[in-house]
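Here's the structure, in structure tokens; my notes come after.
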Number of protein chains: 2
Amino acid sequence: MPSSKITIKEIASALGLSIATVSRALNGSYDIHLETKEKVLAKARELHYKPNIQARNLLKRRNNMIGVVVPEFITFFFPEIIIGIQEVVNKHGYQVLICQSNESSSLERKNVEMLEDSMVEGLIVSVTKDSKNMDLYERLVQDRMPMVFVNRVLPQLNVNQVVIDDRKWAFQTVEHLIKCGYKCIAHLAGNPDLSVTKERLHGYLDALAAYGIPVQEQLIMYVGIQQERAKDGIDYLMVLKERPDAIFAVNDPVAVGCMLELRKRGLRIPEDVAVAGFSESPIGKIMELTSVSQPTFEIGKIAAEMLLKQIANNDLPVETVVLEAKLNIRNSTLPLNKRAH
Amino acid sequence: MPSSKITIKEIASALGLSIATVSRALNGSYDIHLETKEKVLAKARELHYKPNIQARNLLKRRNNMIGVVVPEFITFFFPEIIIGIQEVVNKHGYQVLICQSNESSSLERKNVEMLEDSMVEGLIVSVTKDSKNMDLYERLVQDRMPMVFVNRVLPQLNVNQVVIDDRKWAFQTVEHLIKCGYKCIAHLAGNPDLSVTKERLHGYLDALAAYGIPVQEQLIMYVGIQQERAKDGIDYLMVLKERPDAIFAVNDPVAVGCMLELRKRGLRIPEDVAVAGFSESPIGKIMELTSVSQPTFEIGKIAAEMLLKQIANNDLPVETVVLEAKLNIRNSTLPLNKRAH
DNA sequence: CTGAAAGCGCTAACAT
DNA sequence: ATGTTAGCGCTTTCAG
């Protein structure tokens, strides 16, 4: 006997009550005789009654769902953000529809449209590396869809954001390299359209400027954000007349790719070339890679809270929350006096 | 003007048609004049009409959602399975509610109940490491909830499963160690209640038996499945009178933990101790860990297909699909003649 | 305290 | 080809 067919109607007729009374008994308790309420509850349990949320949602014009769109969730970063999100929203009775765009802006678009069709009440988004769906998000803003962007944002868009100060932490990382005594610091940048790429490049330039080091264009290369792309960077950098003695990579995957590629060439890290990453990853940690760790769970939690607030009141002013991060120094970057020779 | 309030009623009255006609125009096309159909479509676009799925779902008594419950999705393994799942079900118009139990059986229970309350049409599950919710899943089977279990299964439960032959691949791995000339092979096993723990232990024992190697109880230790737990294993194994020269770990995280711990002690891999893992991970790959790779995407896809079939016809016989895997031999295990000395 | 009735937005007989 | 009507399961006035 599949319990799925039991409705309040069955309970009502079994008890000789009206469906209205049953509904009242099942929900809040105002205006209901305690005794009947208990009879209803007992019968409901007996029949394995399960409320039909869809009916309730139709009536209330909500569905307690939010959508999340991230570029990928294979690596720890977005999964941790998602866990933070779920922790908050589940507590408020919300479910999360998670989509990954696999770094494809057309899939991202499809995902967002699917979520819209599913009538999610709000969206948390981190955009793909080419950031091509400006029009879509502009329309959503116009349609007053509650949204929060995290990590990879669209600065031109007037929406809630949760980020870290990529520029500042890139600065700190490069400053650390400078203070370690590295003289020729290269930067492997990410996809040019990405907000984080621009910010981290800015930080790199800021640091050079702050220490009076002239910028050398040939030390900057846009390689993207994937580990496999690091090889291109190393191929290029290692044949420069003035070979860099340190590399600041846009993120940990690229930095790890660099380390593997450098090792393959018999170069020692950090004696021959130092490497620093960004957005500390478990792999980077194991490889003793200097990197900036982001408060991933926190990002998710804050974003979720902002979204719920916006769902509750769609007239709140747009807000950007900037969270703290941390530069973790490891053996991939060492001051001169601590390096082996 | 929030487009969210437009219903077929508005379209109907704007056009002087009945809502039935509008509905017909919007959906399939039987019994509808092409001209009116186009008028309706045009008006719908003009008004930014979006159908209310909830109403449709209520009527059709389905909601095009399935639930997925996994122990975690921080590492690549379950995320890849999930991507496989989504690829299949999205194509069929289904959305996926993803929950992670964080290896807690009480959270797992809560997740499943939430998904049930959300009225998902089916469930894909990989159980937590203590596998404590037998009663829950038994009830779901009784209630005829379509379900497929993947990777971590409950063998006592009569449900669809998608797995690899853990026993066989563990055998192959240990056989490889034996053939490499390792004489004293330890096994760090996972949580005792886990199906994969038992199967992989079986495979280990099978291999020893096949090569006439006596089992030494003290070479088997249950350490769990997490990287941090490897230290216990190494602490224990490295002080045995007959110290093992090879370790077969229940999975990659434990194997990686072993490698790090052995290195810390100045032991060389594989010269002093060889290490093999299971369920190949990106980190393991980078560390040149011998391991068995599982067809994660495929697992997800097959599971999704089975689930959709079961949703379409709930009287299909229960099925267990066993997929192929692959032993990838790397530098953490080498034959005698290839090892450095 | 309880029941009757309306209606959330949509689809699907059943008429015409 | 189109309109009328009933109803999916539930909540919520409005009466009593």
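A, B, ... follow the sequence lines: proteins, then strands. Residue 1 opens every chain.
- Atom P of nucleotide D:dG9 and atom CD1 of A:Ile8 are separated by 10 Å, given to the nearest angstrom.
- With the end axes of the helix from C:dC1-D:dG16 to C:dT16-D:dA1 each set by five pairs, the angle from one to the other reads 50° at 10° resolution.
- Each of A:Lys9, A:Glu10, A:Lys5 was scored for a side-chain hydrogen bond (donor to acceptor under 3.5 Å, both in side chains) with A:Thr7, with one residue passing: A:Glu10.
- Using a 4.0 Å heavy-atom criterion, one finds that B:Leu17 contacts the sugar-phosphate atoms exclusively.
- Neither OP1 nor OP2 of D:dA1 sits under 4.0 Å from any side-chain N or O of B:Thr21.
- Proximity of A:Ser23 to the phosphate of D:dT11: a side-chain N or O atom is located under 4.0 Å from OP1 or OP2.
- The distance between atom CD1 of A:Ile53 and atom C1' of D:dT11, rounded to the nearest whole Å, is 14 Å.
- Using a 4.5 Å heavy-atom threshold, the side chains of A:Met65 and B:Leu97 count as touching.
- If you measure from atom NE2 of B:His33 to atom P of D:dG3, you get 13 Å, rounded to the nearest angstrom.
- At the phosphate of C:dC8, OP1 or OP2 sits under 4.0 Å from a side-chain N or O atom of B:Lys9.
- One finds the CD1 atom of B:Ile299 at 10.0 Å from the CD1 atom of B:Ile85 (value rounded to the nearest 0.5 Å).
- Among C:dA12, D:dC8, D:dT11, the nucleotide with an atom closest to any side-chain atom of B:Leu58 is D:dC8.
- Computed from coordinates, the A:Leu26 CG to D:dT11 P distance equals 7 Å when rounded to whole Å.
- Looking at every heavy atom in both residues, A:Cys99 comes nearest to A:Asn111 through CB-CG, 3.5 Å.
- What you find for A:Gln161 and A:Val153 is that their closest heavy atoms are NE2-CB, 3.6 Å.
- In this structure, CZ on B:Arg62 lies 11.0 Å from CZ on B:Arg56, to the nearest 0.5 angstrom.
- Of the candidates C:dC10, D:dT4, D:dT11, D:dT11 carries the atom nearest the A:Asn27 side chain, counting heavy atoms from C-beta on.
- Position along DNA chain D of the nearest nucleotide to B:Gly16 versus B:Leu59 favours B:Gly16 as the more 5'-ward residue.
- Using a 30° and 60° split on the angle between ring planes, B:Phe149 and B:Tyr137 fall in the perpendicular class, above 60°.
- Taking only side-chain atoms of A:Ala20, from C-beta outward, the nucleotide of D:dC8, C:dC8, C:dG3 with the closest atom is C:dG3.
- Between B:Ser18 and D:dT2 there is no side-chain N or O to OP1 or OP2 distance below 4.0 Å.
- Phosphate proximity of D:dA1 to B:Thr36: absent, as no side-chain N or O sits under 4.0 Å from OP1 or OP2.
- Of the possible polar contacts, none joining the A:Thr296 side chain to the A:Glu80 backbone as a donor-acceptor pair under 3.5 Å is found.
- Proximity of A:Arg61 to the phosphate of C:dC8: no side-chain N or O atom is located under 4.0 Å from OP1 or OP2.
- At a cut-off of 3.5 angstrom, counting only N and O atoms as typed in the model, there is a donor on one side and an acceptor on the other between the side-chain of A:Arg24 and the base of C:dG3.
- The interatomic distance linking A:Leu15 (CG) with C:dT2 (C1') rounds to 13 Å, in whole Å.
- For the pair A:Asn57 CG and D:dT12 P, the computed distance is 13 Å after rounding to whole Å.
- Atom CZ in B:Arg62 sits roughly 18 Å away from atom P in C:dC10 (whole-Å rounding).
- Residue-to-nucleotide proximity on DNA chain D shows that, of B:Ile19 and A:Ile19, the 5′-proximal contact is made by B:Ile19.
- Between the CE atom of A:Met119 and the P atom of C:dC8 there is a distance of 14 Å, given to the nearest Å.
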